Undergrad: 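Please see the structure below; I have some questions.
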2 protein chains.
Amino acid sequence: MRAQVVTIHDVARAAGVSPATVSRVFNGGNVTPARAQSVQEAAAALGFAPNRLARSLRKQRSSVIALIIPDIENPFFTSLARGVEDAAQRTSLSVVLCNSDEDTDKERRYLEVALGEQMAGVIVASASRDETDLGPLTARGVPVVAVDRRPRDAEVDAVRVDDRHGGEVATRHLLQAGYRRIACITGPAGASTSEERLAGYRAALHSARRDGVTADDAYVRHADFRVEGGRAAMRDLLALPEPPDAVFVANNLMTIGVLDALGEVGRTPPGVGVLSFGDVPWASLVRPSLTAVELPSYELGRTAADLLLQRMEGSGSPLQTVVLRTTLQIRESTAGPATD
Amino acid sequence: MRAQVVTIHDVARAAGVSPATVSRVFNGGNVTPARAQSVQEAAAALGFAPNRLARSLRKQRSSVIALIIPDIENPFFTSLARGVEDAAQRTSLSVVLCNSDEDTDKERRYLEVALGEQMAGVIVASASRDETDLGPLTARGVPVVAVDRRPRDAEVDAVRVDDRHGGEVATRHLLQAGYRRIACITGPAGASTSEERLAGYRAALHSARRDGVTADDAYVRHADFRVEGGRAAMRDLLALPEPPDAVFVANNLMTIGVLDALGEVGRTPPGVGVLSFGDVPWASLVRPSLTAVELPSYELGRTAADLLLQRMEGSGSPLQTVVLRTTLQIRESTAGPATD
DNA sequence: TTGAGGGATGAAATCCTTTTCAGCGGCAGG
DNA sequence: CCTGCCGCTGAAAAGGATTTCATCCCTCAA
């Protein structure tokens, strides 16, 4: 009992005009008011809804934009998504979210979909720095903005935070609080965010290496930006002959795992210092409260969307990279080392 | 410098065959192996990627399914989304996520997009019980599954949890723990989940009304399923001449707000009992640990996707509603009232 | 009065695939 | 040897909108 599909032709017939005129009514062409009205009425009476596929096919461009994120279960990215949506809200564009799950294959599939569906634009927080290929999109003239993470060599606008600086400030804070054996649990080697946060950590340690601070990479671990990865890495660090007395964790979810692992062995902050890059969700409920590098996730999304919209309107301005500031929020978890 | 678009015609010409044959190669028609191979090679050489719009237009059905959820910042829904994705993963379908933000207008827009883009199917956790109109989709024969929330009168398959029963069990637990003035903070009046969880609460109180238990609606509040709403509602309850000694909160995010509001006035569980319908994210870090009705969010999504796929394969079976069980996880926050 | 200019309109081309249909050739069975 | 069937193939239609182009008609200026 499938309802018959109402096309522009049906409306045209009902209103006694040509399909071209109907199209013009809906797209702002020149039509005499009387005719326009009768078209409107006919469309309403028939329950006409334009076929977006046909329209996009003809126009060579659809009216949805894709937002591709690597982890939908990370509040950082969902907040970013809200930023994108709110910015798109003011236009007639719809945003669809694609979860690449930190998997370059899935990501590639979604990029193919975006291309094949002629999406109006793409915002991507790429799963991998090297394997993400935005070439086909940019070659076809589809506006693309990289957000948070930066694919190598890509000729696209970008919005990110000052990862390296943030990591450096964070680590320096731990030093100043008196910690001396500071570990770093960072993300997968492929991601730009992992590498830069780690670079900041190294820089801070390097410039403090006189005062008995360990500055080799014995305390560095790579994990997967997820809770389990953080937990495993922390367990590994705790098993060292001389475990660290503080840890700089390169993302929020891994920090959850780290806190769990510490709880297991009865050690809690600030005895062991814990500093998270990115706020832990519902930080207000965590005890002790957590020192964190706060990220402007919402603004990241919002700015990316603005850049994309601007580019879609055909701004010919040169490619730009916007870097947003992070802020260190000092709380209880880094109050200073336990005095043995 | 937009790259020329490679169409099936270009491939056909390069391979010395007709477009129809190229299409058959990609869609599993009958083609002699030799020819098929030369088509494959030509396609690869030209970097051919099929235009999904044209394909969908012709087939009257695209290969993406839409998942419409009311709050992308709620871990419950993101976990549900993972369930949907994992189920769809085994097919060639892509999932796109749409965030209606508990806003019936946004939701309507996304439903229009789903219809206009001829999406292969739709899974929806509807923003409103009454205003969500799935009619156009079902009329056109698009498979639809309602998940978590149930739109009224809709002729669709559904997957949800035993909200009413869960609410009743939860409230009964609070009674058994010794609480006597039990409040309920539920969601917006329009949502089925709000109403049924509240109904469970009422049922439990009703059957216990002999033992000095307050059972009118003085302790019932409607909020918006968000953190702020929970906070406001709890403040309101605390301002009563005789504040409640326990509260049953109908979703996880509102519970965060409730805990915040309690913290502000220096009252903590279990002195005031707190029971959350739906786990709070990263519950392991919350002190005291939180008693909650645990929801099978992932399975909800997974089951909904399975139902949808089954329906898309043309199963003519009658409409079904799958109800999944909730489980009460008893922890510290409901250990018993403060003894004044 | 005539020509230029311009707004409104419809026919038809266009976007790119899929799918129907008819034709062709080969093979097996009568 | 003929018929029927089947597999492979290409031409062309179909899907539903937008857009170009030509036409018509009207107004205004010379």
Side-chain angles (χ1 to χ4, degrees), chain A residues 2-39 42-43 46-64 92 112-113 115-120 140-142, chain B residues 2-39 42-43 46-63 92 112-113 115-120 140-141:
Chain A
R2 178 166 309 186
Q4 176 138 343
V5 181
V6 181
T7 75
I8 207 173
H9 283 87
D10 303 323
V11 176
R13 195 164 346 105
V17 300
S18 77
T21 300
V22 178
S23 172
R24 283 190 270 259
V25 169
F26 286 102
N27 296 288
N30 281 327
V31 181
T32 49
R35 236 179 257 254
Q37 174 160 4
S38 75
V39 168
L46 295 171
F48 168 71
N51 182 320
R52 300 169 67 109
L53 292 177
R55 166 196 296 232
S56 302
L57 174 61
R58 176 63 232 238
K59 302 201 17 166
Q60 306 264 61
R61 175 131 311 180
S62 86
S63 59
V64 335
S92 59
E112 274 166 16
V113 171
L115 185 68
E117 303 254 352
Q118 319 252 45
M119 293 198 178
R140 281 258 295 250
V142 179
Chain B
R2 177 166 312 186
Q4 176 139 343
V5 182
V6 181
T7 75
I8 209 173
H9 283 88
D10 303 323
V11 176
R13 194 161 351 103
V17 300
S18 78
T21 300
V22 177
S23 172
R24 282 190 270 258
V25 169
F26 286 102
N27 296 288
N30 280 329
V31 181
T32 47
R35 237 179 256 256
Q37 174 161 2
S38 77
V39 167
L46 295 171
F48 168 71
N51 183 320
R52 301 169 65 107
L53 292 177
R55 164 195 297 230
S56 302
L57 175 60
R58 177 61 231 237
K59 304 204 4 171
Q60 306 265 62
R61 176 132 311 180
S62 86
S63 59
S92 61
E112 275 166 17
V113 171
L115 185 67
E117 304 255 351
Q118 320 248 48
M119 291 198 178
R140 280 258 295 253

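Per chain, numbering begins at 1; letters A, B, ... match sequence-line order. Please read all numbers here as calculations on a predicted model, not as lab measurements.
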Undergrad: Can a donor-acceptor pair be found, under 3.5 Å and without considering hydrogens, that links the side chain of B/T32 to the backbone of B/A34?
TA: no
Undergrad: Rounded to whole Å, how long is the line connecting atom CD of B/Q60 with atom P of C/dT20?
TA: 12 Å
Undergrad: Under the salt bridge (charged side-chain N to carboxylate O under 4.0 Å, His left out) rule, what pairs show up with a residue in residues 13-26 of chain A, not counting sequence neighbours?
TA: A/D10-A/R13
Undergrad: Tell me the interatomic distance from B/I8, atom CD1, to D/dA11, atom C1', rounded to whole angstroms.
TA: 14 Å
Undergrad: Does a side-chain N or O of B/N30 approach OP1 or OP2 of D/dG7 to a distance below 4.0 Å, or not?
TA: no
Undergrad: Distance check needed: C/dC16 C1' versus A/L53 CG, whole Å only.
TA: 12 Å
Undergrad: Just jot down the side chain to side chain contact (heavy atoms under 4.5 Å, CB included) partners of A/A54, sequence neighbours excluded, or say none.
TA: A/N51, B/L57
Undergrad: Could you check whether B/F48 gets within reach of a base, just the sugar-phosphate, or nothing at all, counting any heavy atom under 4.0 Å?
TA: sugar-phosphate
Undergrad: With respect to B/V11, which candidate in B/V17, B/V25, B/V6 satisfies the side-chain contact (heavy atoms from CB on, under 4.5 Å) definition?
TA: B/V6
Undergrad: Given atom CG of A/L57 and atom P of C/dT18, what is their separation to the nearest angstrom?
TA: 12 Å
Undergrad: Report which part of the nucleic acid A/V31 touches: base, sugar-phosphate, or nothing (heavy-atom distance under 4.0 Å, all strands).
TA: sugar-phosphate
Undergrad: When the distance from NE2 of A/H9 to C1' of D/dA17 is rounded to whole Å, what number comes out?
TA: 9 Å
Undergrad: DNA chain D: A/T7 or B/T32, which has the more 5' nearest nucleotide?
TA: B/T32
Undergrad: Write down the distance between CZ (B/R13) and P (D/dG10), rounded to a whole number of angstrom.
TA: 14 Å
Undergrad: Please identify each residue that fulfils side chain to side chain contact (heavy atoms under 4.5 Å, CB included) with B/A14, with sequence neighbours left out.
TA: B/A42, B/L46
Undergrad: Please determine if a side-chain N or O atom of A/R61 lies less than 4.0 Å away from the OP1 or OP2 oxygen of D/dT18.
TA: no
Undergrad: Can you name the side-chain hydrogen bond (donor to acceptor under 3.5 Å, both in side chains) partners of A/S18, sequence neighbours left out?
TA: A/T21
Undergrad: What pairs of nitrogen or oxygen atoms, one from the protein and one from nucleotides 19-28 of chain D, lie under 3.5 Å apart?
TA:
none

Undergrad: Find the distance B/D10:CG to C/dC16:P and express it as a whole number of Å.
TA: 9 Å
Undergrad: If you pin B/R55 and B/P33 to their nearest nucleotides in DNA chain D, which one's is more 5'?
TA: B/P33
Undergrad: For A/R52 and D/dG16, give me the distance from atom CZ to atom C1', rounded to whole Å.
TA: 14 Å
Undergrad: Using the side-chain hydrogen bond (donor to acceptor under 3.5 Å, both in side chains) criterion, which residues pair with A/Q37? Sequence neighbours excluded.
TA: A/E41
